[in-house]
**Q** 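Following this message is one structure expressed as structure tokens.
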Protein chains: 2
Amino acid sequence: MRIDREQATQVTMPAKEHRRTRQRAAVDEVLDETDDFISAQELHALLRARGAGVGLATVYRTLQTLADDGRVDVLRSDAGEAVYRRCVREEHHHHLVCRSCGATVEIAGPTVERWAKSVADQHGYTDVSHTLEIFGTCPRCAAA
Amino acid sequence: MRIDREQATQVTMPAKEHRRTRQRAAVDEVLDETDDFISAQELHALLRARGAGVGLATVYRTLQTLADDGRVDVLRSDAGEAVYRRCVREEHHHHLVCRSCGATVEIAGPTVERWAKSVADQHGYTDVSHTLEIFGTCPRCAAA
DNA sequence: TGCCGTTTTGACAATGGTTGTCACTCTTGA
DNA sequence: TCAAGAGTGACAACCATTGTCAAAACGGCA
């Protein structure tokens, strides 16, 4: 087995230069307009719908690259599908996600960071990182 | 999109009665012997290796059932593969997982529970649940 | 103990997200 | 402008997981 969610706490790294292409711009644009997490498949469908067709493989590659560069957050829905979102904060943070509509609030939790660190230390674990996501029903969905 | 990791905090529910079969016993046995998270595929291969062949679909169904009953913990490795482990604690808890060997420590963190709850409240989110996993390198692997 | 309605199983097909391939195209620096 | 090489896209390949359905196993009951 191999569990590896380093990007969860990874410090935003340098970010190699990449070429500017129509496809990347298109993906970027959608990410900019989208406040909630979106899957590669959805993003691909969206691009196709608005005429700016981009290959599915390219969408995946682009998102992968963005994620590697720490420019988007990656989460896994329970279905195992990876969902992406442009991250607002540069530092490490967590999410409060609406279970029904996907509306997301980014959260910074120094408390938790410290707690996680101390728990890990306590058990002798080093090179520590963590994932933490909170799910719930947002006010808007609760009202509906 | 649909994000739904309720089982993360779901209170351990009743657990309907199920028939006792050779296959379920075999899966149970492996889970009992295994301290770390194991994937359905690995579990299936293991069973086959030790002669107690159990169909792959059955392994998946059995694990699914156990998870529904709150008898095993489910996590998703970064590869998106679901990994299972008999849970020791009955109450809600988190994991400190070794990135390299998978060794796991179960953690109870009332601090975090409270924090998550308050953050959610603060943003008007209701029906809250959360996932939190800590990854690191265990002392044994660090020494190696 | 034998019988019967149900649950469970297993082999296999089907799904669906994601990645690999590879010839072709576009961006970039000189 | 040009060449080198990064980036693209159509499609095949992967692979974990789920659906299907007839056959087998269970448990309760007579």
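Below, chain A is the first sequence line, B the second, and so on; all start at residue 1.
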**Q** Has the side chain of B:R61 got a donor or acceptor that lies under 3.5 Å from a partner of the other kind on the base of C:dG10?
**A**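 For B:R61, whose side chain was compared with the base of C:dG10, there is a donor-acceptor pair (under 3.5 Å).
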**Q** So which nucleotide from D:dG27, C:dT18, C:dT9 ends up closest to the side chain of B:T62?
**A**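 Nearest to the side chain of B:T62 among the choices is C:dT9.
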**Q** For the side chain of A:R20, starting at C-beta, report the closest nucleotide among C:dG10, C:dT18, C:dT28.
**A** C:dT28
**Q** I want to verify a distance call: between D:dA25, D:dT8, D:dG7, whose nearest atom is closest to the A:H18 side chain?
**A**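 Out of D:dA25, D:dT8, D:dG7, the nucleotide with an atom closest to A:H18's side chain is D:dG7.
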**Q** Whole-Å distance between C:dT8 P and B:Q64 CD?
**A** 14 Å
**Q** Determine whether A:Y60 and A:H44 satisfy the following criterion, ring-ring contact (aromatic ring centres under 6.0 Å, His included), listing intermediate values before the conclusion.
**A** CA-CA 9 Å; A:Y60 273 102; A:H44 174 245; 8.6 Å; no
**Q** Considering only C:dT27, C:dG5, C:dA11, which nucleotide approaches the side chain of B:R19 most closely?
**A**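 Nearest listed nucleotide: C:dG5.
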**Q** Round to a whole Å and report the spacing from CG of B:L56 to P of C:dA13.
**A** 14 Å
**Q** Quick check for you: among D:dT8, D:dG9, C:dC12, whose closest atom lies nearest to any side-chain atom of A:R24?
**A**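 Taking heavy atoms from C-beta onward, the closest nucleotide is D:dT8.
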**Q** Among C:dG17, D:dT17, C:dG10, which is the nearest nucleotide to the side chain of A:Q41?
**A**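 Looking only at side-chain atoms, A:Q41 lies closest to C:dG17.
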**Q** Nearest to the side chain of B:E81, heavy atoms from C-beta on, is which of D:dG27, D:dA16, C:dT18?
**A**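 Looking only at heavy atoms from C-beta outward on B:E81, the closest nucleotide is D:dA16.
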**Q** C:dT18, C:dT8, C:dG20: which one has an atom nearest the side-chain heavy atoms of B:T21?
**A** C:dT8
**Q** What's the NE2-P distance between B:H44 and D:dA16, to the nearest Å?
**A** 12 Å
**Q** Under 4.0 Å between a side-chain nitrogen and a carboxylate oxygen: does that hold for A:K117 and A:D121?
**A** yes
**Q** Over all heavy atoms of both residues, which pair between A:I107 and A:H95 is shortest? Give the atoms and the distance, please.
**A** CG1-C, 4.4 Å
**Q** Strictly below 4.0 Å, N to O, side chains only: are A:D32 and A:R86 in salt-bridge contact?
**A**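 Yes.
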**Q** Can you identify which nucleotide, out of C:dT6, C:dT9, D:dT18, has its nearest atom closest to the B:Y60 side chain?
**A** D:dT18
**Q** Below the 4.0 Å mark, does C:dT8 have OP1 or OP2 next to a side-chain nitrogen or oxygen of B:T58?
**A**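 For C:dT8, OP1/OP2 do not have a side-chain N/O of B:T58 under 4.0 Å.
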**Q** What is the distance from CG of A:L63 to C1' of C:dT19, rounded to the nearest Å?
**A** 14 Å
**Q** Rounded to whole angstrom units, what separation is found between the CZ atom of B:R48 and the P atom of C:dT9?
**A** 16 Å
**Q** Could you tell me whether A:R22 and A:E29 have a side-chain N and a carboxylate O separated by less than 4.0 Å?
**A**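 Looking at A:E29 together with A:R22, the answer is no, because their closest N to O distance does not fall below 4.0 Å.
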**Q** In this structure, how many angstroms lie between the P atom of C:dT7 and the CD atom of B:Q23, rounded?
**A**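 Rounded to the whole Å, the gap is 17 Å.
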